[in-house]
Chemist: 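Handing you a structure now.
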2 protein chains.
Amino acid sequence: MPTPSQTHRLRADAVRNRQALLAAAREAFAEHGMEVSISEIAQRAGIGKGTVFRHFATKESLAAAIVADRLDELAATGRTLLEDADPEAALLEFMTAGVALHVSDRSFCQAATTDVRGDPVVRAAADRLTGVAEALTGRASREGAIRGDITGEDVIRMLTAACQAAAPERDVTGAWRRYLHLIFDGLRSEGARPLPPLPPLPPLPPTA
Amino acid sequence: MPTPSQTHRLRADAVRNRQALLAAAREAFAEHGMEVSISEIAQRAGIGKGTVFRHFATKESLAAAIVADRLDELAATGRTLLEDADPEAALLEFMTAGVALHVSDRSFCQAATTDVRGDPVVRAAADRLTGVAEALTGRASREGAIRGDITGEDVIRMLTAACQAAAPERDVTGAWRRYLHLIFDGLRSEGARPLPPLPPLPPLPPTA
DNA sequence: GCATAACCGGACCGGTCGGTCAACTTGTGC
DNA sequence: GCACAAGTTGACCGACCGGTCCGGTTATGC
């Protein structure tokens, strides 16, 4: 390929390595969480440690790239669910997909509590995801399927909550379905009682 | 090393140091989570690093002792709530206390997902706590306040779930009250729909 | 082919951490 | 008071980890 477009100044082997790296990192983070060493990831990808740092300046930026990627995948799923005829079912399916994602990826549960959030790339992806959740929630809410005071942000958070409830058995058993179901019932409008005088959910982190 | 056989009285200064150590570790773990260094803890307690290891063979055993201690505190709270006239209110208060505990202690949220569980000391304390939760749950359930298919184990897990939902703002704002409320509504029997065919909650971890 | 620069890789660096140890201090029983 | 074991301590060890660097390799344009 002579005169490749200006954007692709990467050499062919570099592209190969980068993809191997991303795949390996994704696997490794999912399995062992954020504390896998770069060496481990490099080895898994069949490349040298130095090559990893050629593509990502720090371990955090690598992790952030992968987390953001997964968030965007979930957002995409959510967007297609917006076409679904049944808003309530769509919302539940969205949350189900989200929990399944968390449960299959150890790094996610940690990403929620630790470092990676705060990275601009992750933040942007999270915002996109929240937007989709907001749309799904609004639809279900307008139809009266769920209580009216639930935000997209709430949905995202309750989703991670369900994951946490099922945490002890690392996926497999599907216990998380039980907890997602319980939580979803709490969102429904039927038994709804007014929420307590709530602090108005300060825009995520104070600043960071 | 003369046998550390039981009832061997500790020297007065050793007792002092041990207590200082426990207090410091409790603080440090709560603030920074499980990744505080032993040196940091020792410094905080005003003792030498070596002394820490004299009292606890490994970092994990120290952490386990403290986690178990806190679990027992919560269990004690639960036991007194068993006397409460209103089973539903008592259960809610129990969960509130549990979430507050988690939220105020960074190490707890990690303890749920990482290492420390599995330690026999922690396991024993967790079992005691589950027992109390079971009693509180049974009372509320018999009165029809909450759906009948909820176990004590469920309550404990949903409690940690609420904590996770509120995780982004480390306590202070009290956002967790919002999520605990939502979750508790899910437990109530009013809007209840049958739980999905659930895997019968295998006894916590396969082995780990 | 050949020149060249992009790219690779692993030895290496600075730092941290959990845990050990031998010299030293101190509480305690007599 | 004295002797001695119980207790303390911080220098030290080995392992590991994130990140750097430079000699060697290889894709690429001509």
Side-chain angles (χ1 to χ4, degrees), chain A residues 1-25 28-29 31-67 107 110 114-116 119, chain B residues 1-25 28-29 31-67 107 110 114-116 119:
Chain A
M1 37 228 77
T3 64
S5 81
Q6 27 182 319
T7 56
H8 280 75
R9 299 230 32 100
L10 274 183
R11 246 168 51 172
D13 55 343
V15 172
R16 270 201 316 274
N17 280 341
R18 186 185 181 89
Q19 258 154 353
L21 166 57
L22 286 174
F29 280 135
E31 266 175 52
H32 307 299
M34 214 67 76
E35 67 273 10
V36 275
S37 69
I38 289 290
S39 311
E40 158 87 20
I41 294 176
Q43 198 171 359
R44 214 187 260 238
I47 63 180
K49 201 182 178 184
T51 307
V52 175
F53 287 104
R54 165 165 284 274
H55 290 286
F56 294 91
T58 72
K59 185 185 184 180
E60 277 70 34
S61 71
L62 169 58
I66 288 178
V67 168
S107 70
Q110 302 175 329
T114 58
D115 31 24
V116 180
D119 180 294
Chain B
M1 247 186 284
T3 67
S5 65
Q6 31 180 324
T7 69
H8 206 292
R9 268 190 58 194
L10 278 181
R11 238 168 57 173
D13 57 342
V15 172
R16 270 201 317 272
N17 281 341
R18 187 186 181 88
Q19 257 153 355
L21 165 58
L22 285 173
F29 280 135
E31 266 176 52
H32 307 299
M34 215 66 78
E35 68 273 13
V36 275
S37 69
I38 290 289
S39 310
E40 157 87 19
I41 294 176
Q43 198 172 359
R44 216 187 258 239
I47 63 179
K49 199 185 184 184
T51 306
V52 175
F53 287 104
R54 172 165 209 65
H55 289 285
F56 295 91
T58 71
K59 186 185 183 179
E60 278 69 35
S61 71
L62 169 58
I66 288 177
V67 167
S107 70
Q110 302 175 328
T114 58
D115 31 24
V116 179
D119 181 293

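Reckoned from all heavy atoms, side chains included, excluding hydrogens, waters and symmetry mates.
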Chemist: Taking the nucleotide of DNA chain D with the nearest heavy atom to each, does A:Ile38 or A:Thr51 sit closer to the 5' end?
Modeler: A:Ile38
Chemist: What's the closest nucleotide to the B:Lys59 side chain, out of C:dG19, C:dG27, D:dA27?
Modeler: C:dG19
Chemist: Measuring from the side chain of B:Arg16 (C-beta onward, heavy atoms only), which nucleotide among D:dA27, C:dG27, C:dG19 has the closest atom?
Modeler: C:dG27
Chemist: Looking at B:Val36, is its backbone amide N or carbonyl O close enough to the side chain of B:Lys59 to form a donor-acceptor pair, meaning the two atoms are under 3.5 Å apart?
Modeler: yes
Chemist: For B:Phe53 and C:dT20, give me the distance from atom CZ to atom P, rounded to whole Å.
Modeler: 7 Å
Chemist: Expressed as a whole number of angstroms, how long is the span from A:Asn17:CG to C:dC7:P?
Modeler: 10 Å
Chemist: Quickly work out the B:Glu60 CD to C:dG18 C1' distance and round it to whole Å.
Modeler: 9 Å
Chemist: Can you tell if the side chain of B:Glu35 reaches within under 4.5 Å of the side chain of A:Glu35, non-hydrogen atoms only?
Modeler: no
Chemist: Answer yes or no: does atom CD of B:Glu31 have more than 12 heavy-atom neighbours from other residues, nucleotides or ligands under 6.0 Å?
Modeler: yes
Chemist: Rounding to an integer number of Å, can you tell me how far A:Gln43 CD sits from C:dG9 C1'?
Modeler: 13 Å
Chemist: Rounded off to whole Å, could you give me the CG-to-P distance for the B:Asp13 and D:dG7 pair?
Modeler: 8 Å
Chemist: Please determine if a side-chain N or O atom of B:Ser37 lies less than 4.0 Å away from the OP1 or OP2 oxygen of C:dT16.
Modeler: no
Chemist: Starting from C1' on D:dG18, measure out to CG on A:Leu62 and report it in whole angstrom.
Modeler: 12 Å
Chemist: Roughly how many Å is it from CD in B:Glu35 to P in C:dC17, rounded to a whole number?
Modeler: 10 Å
Chemist: Which heavy-atom pair separates B:Ala14 from B:His55 by the least distance, and what is that distance?
Modeler: O-CE1, 3.7 Å
Chemist: By the 4.0 Å heavy-atom rule, please label A:Val52 as base, sugar-phosphate, or nothing.
Modeler: nothing
Chemist: Taking side chain to side chain contact (heavy atoms under 4.5 Å, CB included) as the definition, give me every residue that meets it alongside A:Ala25, ordered by chain and number, with sequence neighbours left out.
Modeler: A:Phe29, A:Ile41, A:Leu62, A:Ile66
Chemist: If you check the A:Ala14 side chain, which of D:dG19, C:dC8, D:dA11 turns out closest?
Modeler: C:dC8
Chemist: Would you tell me if any nitrogen or oxygen in the side chain of A:His55 comes within less than 4.0 Å of OP1 or OP2 on C:dC8?
Modeler: yes
Chemist: Please compare A:Arg18 and B:Thr58 by the position of their nearest nucleotide in DNA chain C and report the one closer to 5'.
Modeler: A:Arg18
Chemist: Output yes when at least one side-chain N/O atom of B:Arg11 is less than 4.0 Å from OP1 or OP2 of C:dT28, else no.
Modeler: no
Chemist: Could you tell me the separation between the CG atom of A:Leu10 and the C1' atom of C:dC7, rounded to a whole number of Å?
Modeler: 10 Å
